[in-house]
Structure formats: C-alpha cells, structure tokens
Amino acid sequence: MRHVSDWTLPDGSVLLNFSDSVRGVFERNVQTGDLPESGGVLLGTVHERGLLVTLATTPTRLDRQLRYLFERLPFGHRTVARRLWRSTGGTTRYIGEWHTHPQDIPTPSAIDLDEWRKLAKARADKRPLLAVIVGRHTLHVELTHGNGHRQLLGPY
C-alpha cells in the first residue's frame, strides 16, 4: 500500500494509526482519471497518547460527488457511527473526516479548512477533528481544533 499507516505530531505527543482496512479504503478511492472526489467519516478508538482509526465509511448514494467536490450528507455515515458507538460501549467513536483530491500531494482548500473548523467546534467531546485528504501519492493528515488551530501530522 502506498499510504503510510503510522503518523505523529512533530513533538511525538500524538500517535495515529490507520488500520489496514482503512488504508484499503483510501487506496480504492484514490482519485485518478476522471473519477469524482470520495470521502466519509473516520471511526476508531482514543488512547492516552493516540488514535487508532479502524473504520472509514465510503460514499453513499445520498452524498454529492463531483470532480472537485465531495459533500458528505450525514444519513448513512451517522448510522454506521451510532451503531459502532453502541455495539462497543462507546469505545469506537467518531474521530474525523476523510476525502480525496485529484492531486499527487494533496493540500486543503479554503472550503476544507472552514468545514473542518466547523466540525471540530461542534464536537461534543471537544477533541480535535482528524482531517485526512487522500492524494494520488500521499496523505494530508491534520488535527483541527474548534478554535481553528491546526496541527499537521507527519509519517512516523
């Protein structure tokens, strides 16, 4: 797989791991040719110093997918998140969002940054939002806080 599984903040204070199944979702949705953007939510577990992302939802028929736009509608994604929350006694939870860009090395747009800030601000647990953009060769991985503060993660 081309996408790295382990990520960290520069100071090592947060460690992040994408499970093989999540990386598989990323790989299957790399935006090549004329494919539209794809995306979904990231679910997993929170640990003392890190996050383990165990599931990435994929686009539903209700989501809006265009060449340069992915609009995730909550219906199917929210159902999956709630089901996992309940079945794991609250240990598997919403961690963040992912979507693709038709770029080798993806960079967030102003729309991405604004949406991530809104989603982070609305989080009931007040944890930062994990935001991932899947590019053709690399991932863009960051934590976005409700106050707009951004922390980029790099491969571990």
Q: Under 4.5 Å between side-chain heavy atoms, hopping through other hydrophobics if needed: is there a path connecting L55 to I95?
A: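 No, it is not one cluster - the side chains of L55 and I95 are not joined through contacts under 4.5 Å.
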Q: Would you say the side-chain atoms of T92 pair up with the backbone N or O of T88, donor to acceptor, closer than 3.5 Å?
A: no
Q: When you measure from the side chain of N29 to the backbone N and O of V25, does any donor-acceptor pair fall under 3.5 Å?
A: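 Looks like yes, one N/O pair under 3.5 Å.
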Q: Would you give me the side-chain donor-acceptor pairs under 3.5 Å for residues 124-132, sequence neighbours excluded?
A:
residue, atom, partner, partner atom, Å
D125, OD1, R123, NE, 3.1
D125, OD1, R123, NH2, 3.2
D125, OD1, R127, N, 3.0
D125, OD2, R93, NH1, 3.3
D125, OD2, R123, NH2, 2.8

Q: For the pair F26 and H3, name the ring-plane relationship: parallel under 30°, tilted 30 to 60°, perpendicular over 60°.
A: perpendicular
Q: As a quick check of understanding, evaluate side chain to side chain contact (heavy atoms under 4.5 Å, CB included) for L143 and L153, giving each step before the final call.
A: CA-CA 8 Å; L143 294 173; L153 285 88; 3.8 Å; yes
Q: Looking at side-chain heavy atoms only, is the closest gap between V141 and F18 below 4.5 Å?
A: yes
Q: For H47, give me all partners under side-chain hydrogen bond (donor to acceptor under 3.5 Å, both in side chains), at least two apart in sequence or on another chain.
A: T45
Q: V134 vs V30, test: side chain to side chain contact (heavy atoms under 4.5 Å, CB included). Steps then yes/no.
A: CA-CA 7 Å; V134 176; V30 168; 4.1 Å; yes
Q: Is there a donor-acceptor pair under 3.5 Å between the side chain of R136 and the backbone N or O of T32?
A: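 Answer holds: no.
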Q: How would you list, by chain and number, every residue that makes a side chain to side chain contact (heavy atoms under 4.5 Å, CB included) with V41, sequence neighbours excluded?
A: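 In terms of side chain to side chain contact (heavy atoms under 4.5 Å, CB included), with neighbours along the sequence ignored, V41 is linked to L43, T57, R72, H77, Y94, E97.
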Q: Compare all side-chain heavy atoms of E37 with those of Q31 and state whether any distance is below 4.5 angstrom.
A: yes
Q: Does any N or O in the side chain of R49 come within less than 3.5 Å of the main-chain N or O of G12, such that one atom is a donor and the other an acceptor?
A: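 The answer is yes, because a donor-acceptor pair under 3.5 Å joins these two groups.
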Q: Can you name the nearest heavy-atom pair linking I133 to T100, along with the distance?
A: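 Taking every non-hydrogen atom into account, CG2-C, 4.2 Å.
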Q: Looking at side-chain heavy atoms only, is the closest gap between P36 and L66 below 4.5 Å?
A: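 No - every pair of side-chain heavy atoms lies 4.5 Å or more apart.
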Q: Taking everything shown except D34 itself, do over 12 heavy atoms lie less than 6.0 Å from its CG?
A: no
Q: So, taking the atom named CD in E27 and the one named CG in D20, what distance separates them when rounded to the nearest 0.5 Å?
A: 11.0 Å
Q: Are side-chain N/O atoms of Q65 and S38 paired as donor and acceptor at under 3.5 Å?
A: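 Present: a donor and an acceptor within the cut-off.
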Q: Given the rule in the side chain to side chain contact (heavy atoms under 4.5 Å, CB included) test, do H149 and T144 qualify, once you have shown the distances and angles that lead to the verdict?
A: CA-CA 6 Å; H149 178 67; T144 301; over 6 Å; no
Q: Determine whether more than 12 heavy atoms belonging to other residues, nucleotides or ligands lie under 6.0 Å from atom CD1 of I105.
A: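 12 or below, so no.
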Q: So which heavy atom on R67 is nearest to which on L35, and how close?
A: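 Closest heavy-atom pair between R67 and L35: NH1-O, 3.3 Å.
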Q: Is there a path of hydrophobic side-chain contacts, each under 4.5 Å between heavy atoms of I, L, V, M, F, W or Y residues, that connects W85 with V80?
A: no
Q: Taking the side chain as every heavy atom from C-beta outward, state whether T138 and P106 have any atom pair closer than 4.5 Å.
A: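 Yes - at least one pair of side-chain heavy atoms lies under 4.5 Å apart.
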Q: Are the side chains of L139 and W7 in contact, using a 4.5 Å heavy-atom criterion?
A: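 Yes, at least one pair of side-chain atoms sits under 4.5 Å.
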Q: If every non-hydrogen atom of T60 is compared with every non-hydrogen atom of G76, which pair is closest and at what distance?
A: CG2-CA, 4.2 Å
Q: Nearest 0.5 Å, please: how far is CG in D114 from OG in S109?
A: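 Taking OG in S109 and CG in D114, the distance rounds to 9.5 Å.
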Q: For the side chain of S13 and the backbone of L9, is there at least one donor-acceptor N/O pair under 3.5 Å apart?
A: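 Flag not set: sc S13 to bb L9 has no pair under 3.5 Å.
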Q: Counting N and O atoms only, with roles assigned by atom type, does the side chain of D63 sit under 3.5 Å from a partner on the main chain of L73, one being a donor and the other an acceptor?
A: yes
Q: Do you reckon V4 sits in the same ILVMFWY cluster as W98, going by side-chain contacts under 4.5 Å, direct or chained?
A: yes
Q: Would you tell me whether H99 and D112 have side-chain atoms, one donor and one acceptor, within less than 3.5 Å of each other?
A: yes
Q: Taking all heavy atoms of V22 and all of A56, pick out the closest pair and write down the distance.
A: CG2-N, 3.8 Å
Q: Donor-acceptor check, side chain of H101 to backbone of T107, threshold 3.5 angstrom: yes or no?
A: yes
Q: H145 pairs by side chain to side chain donor-acceptor pair (under 3.5 Å) with which of R117, R150, Q151, K121?
A: Q151
